[in-house]
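A short write-up of the structure that comes next.
Since the structure is predicted, the reported quantities are computational estimates derived from the model, not experimental observations.
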Amino acid sequence: MLDDDESLLFLVSQYLGLDGHEVLTATTADQALKFVDEGSPELALLDYRMPGMTGVEFMKKLRARPKGARIPVIFLTGEPPNSFAHELPGLGRLKVLNKPIDFALLGETMKELLSLRL
C-alpha cells in the first residue's frame, strides 16, 4: 500500500492483516516500486494525491516494469469521483474507492480484482 498518511497505512494494514493478507506499506513511490521489483505483489492500493507524484504517474511507472504490468490497482482517494477519471484509460485493471474507506467495499473490491488475476 502506498500512501503518505502513515496513520492510514497502519489502519488499513491492520485491517487487511486481520483478514489474512500480508501488507507491505510505503510512503514514497520509490519505496513501493522497490517492493514490486523485489517481490511479487498481488495487488496495489494507493492514494491519488501524494507528494511529488500522483497515483496515475506512479501507475505509469508501475506498468513500465515487468512485474508491475499486470498488478491490479485500487485507488483510495479523497478526490471527487470524476476529477481524474480521464487519466485512467489504458492503465489496466483498476478500481477507485473514495475515502473515508468503507472496509467491506474494499474487501469486496480486492476479491473481485484478485479473482480476475491473469
Side-chain angles (χ1 to χ4, degrees):
M1 179 172 177
L2 171 59
D3 200 301
D4 59 323
D5 182 341
E6 291 188 30
S7 61
L8 183 65
L9 288 173
F10 177 78
L11 179 67
V12 173
S13 65
Q14 291 297 304
Y15 174 81
L16 294 176
L18 290 173
D19 199 30
H21 299 283
E22 178 184 355
V23 181
L24 301 174
T25 61
T27 56
T28 68
D30 288 339
Q31 187 180 24
L33 291 170
K34 184 177 178 183
F35 289 149
V36 171
D37 292 341
E38 294 176 354
S40 298
E42 294 181 8
L43 184 117
L45 302 172
L46 57 123
D47 193 6
Y48 177 75
R49 291 261 178 237
M50 297 174 289
M53 116 177 14
T54 67
V56 170
E57 292 167 333
F58 173 81
M59 277 198 69
K60 289 177 182 176
K61 290 181 179 225
L62 175 68
R63 295 296 187 233
R65 288 173 148 68
K67 290 185 176 182
R70 294 186 172 202
I71 297 172
V73 171
I74 299 174
F75 277 107
L76 301 172
T77 184
E79 297 294 312
N82 294 322
S83 65
F84 63 95
H86 65 281
E87 299 178 72
L88 302 179
L91 292 179
R93 288 179 299 138
L94 63 91
K95 295 284 185 173
V96 179
L97 300 179
N98 290 320
K99 292 178 182 176
I101 298 169
D102 175 335
F103 284 102
L105 180 58
L106 175 60
E108 291 170 19
T109 304
M110 288 175 61
K111 285 178 187 171
E112 175 190 343
L113 286 173
L114 290 171
S115 73
L116 299 173
R117 183 118 196 215
L118 301 174

How about [X] and [Y]: do any of their side-chain heavy atoms sit closer than 4.5 Å?
{"X": "R63", "Y": "M59", "result": "yes"}
{"X": "L94", "Y": "P72", "result": "no"}
{"X": "D47", "Y": "D5", "result": "no"}
{"X": "H21", "Y": "M110", "result": "yes"}
{"X": "L45", "Y": "L2", "result": "no"}

Restricting to ring pair (Phe, Tyr, Trp, His ring centres under 6.0 Å), what partner residues turn up for F75, sequence neighbours left out? F84

Would F103 and L105 show up in the same hydrophobic cluster when neighbours are defined by side-chain heavy atoms closer than 4.5 Å?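 Same cluster: F103 reaches L105 through Ile, Leu, Val, Met, Phe, Trp or Tyr contacts under 4.5 Å.
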
Between I74 and F10, is there a shared hydrophobic cluster once you connect ILVMFWY residues whose side-chain heavy atoms come closer than 4.5 Å? no

Just wondering, are more than 12 heavy atoms of other shown residues or ligands nearer than 6.0 Å to NZ in K99? yes

Donor-acceptor check, side chain of K67 to backbone of G39, threshold 3.5 angstrom: yes or no? yes

Main chain of L113, side chain of R93: is a donor-acceptor contact present, judged purely on distance under 3.5 Å?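 Here the side-chain-to-backbone pair exists.
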
Among Ile, Leu, Val, Met, Phe, Trp and Tyr joined by side-chain contacts under 4.5 Å, find the other residues sharing a cluster with L24 and list them by chain and number. F35

